[in-house]
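One-based numbering, in listed order, for ligands and for the atoms of each. Position 1 is the first residue of the sequence; numbering continues from there.
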Amino acid sequence: MYIILLGAPGAGKGTQAIMLAEKKKLVQVASGDLFRKALQQETELGKKAKVYMEKGHLVPDEITIQMVLERLAEPDCKNGAILDGFPRNLEQAKALDKALGQKSSAIDKVVYIKVSEGELLKRLGGRWICRKCQAPYHEVDSPPKVAGKCDRCGGELYQRADDNVETVKKRLEVYFAETSPLIDYYKRAKKLLEINGEGNTSEVNQRILNALR
Ligand code: AMP
């Protein structure tokens, strides 16, 4: 089973992908996490991606598509995956359809998490992420039980370098220009499930599970 989580930065894709992956016993494949890991390890891929990520731009398709398809070919993805942050434009969506088609598979559902722009800006402003398991927190809406520590794994929390005001603005611009056309693409393919992404994380998760049923 392949499920895509679609939505703007700050819509809650990361949180919902982790919750959904646990429920469905599937792995979460987050392109942003793969890039951040490469960046941290200072690999060639990380060095290439860094310049784009810092500006809030998309990393070029040839780099991104190869990275994600290689990840999906790993043994733990043999039953499918929850895709978070990929695809982010039509080229990537078509490349993914083609790659899955080649192994007689396909995307099952696309969960589009819809959140107003005002709410997105608010969420990205106070966001903290676990360095170890990538679980996201919000200093007002969903703070950790112990400040600076992840509830799930005890890892250290940090603020993403690209969550600053300027880069957030750019990332939202890029989302509306390049990623939002995917809503129509998957609607036409009759795979889109539109979910109200406002409210607390378990409410949103319940809506997603109901829609997938
Ligand atoms: P995210 O963690 O999904 O918000 O991604 C962080 C950054 O990684 C983005 O702003 C892009 O620079 C890069 N990135 C992540 N996923 C993609 C993708 N599918 N295509 C291109 N760039 C991506």
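Of the charged side-chain nitrogens involved, none lies within less than 4.0 Å of a carboxylate oxygen, so that D97 and K94 do not count as a salt-bridged pair. Salt bridge absent: R88 and D61 never bring a charged side-chain N and a carboxylate O closer than 4.0 Å. In this structure, E119 pairs ionically with R123, as a charged nitrogen and a carboxylate oxygen lie closer than 4.0 Å.
Looking at heavy atoms from C-beta onward, Q28 lies out of side-chain contact with Q134 at the 4.5 angstrom threshold.
Considering every non-hydrogen atom in both G197 and I113, the closest pair reads CA-CG2, 3.6 Å.
Between the side chains of Q66 and E62, no donor-acceptor pair of N or O atoms lies under 3.5 Å.
Sorted by chain then number, the residues whose non-hydrogen atoms approach ligand 1 to under 4.0 Å are S31, G32, F35, R36, M53, H57, L58, V59, T64, G85, F86, R88, Q92, R160, D162, R171.
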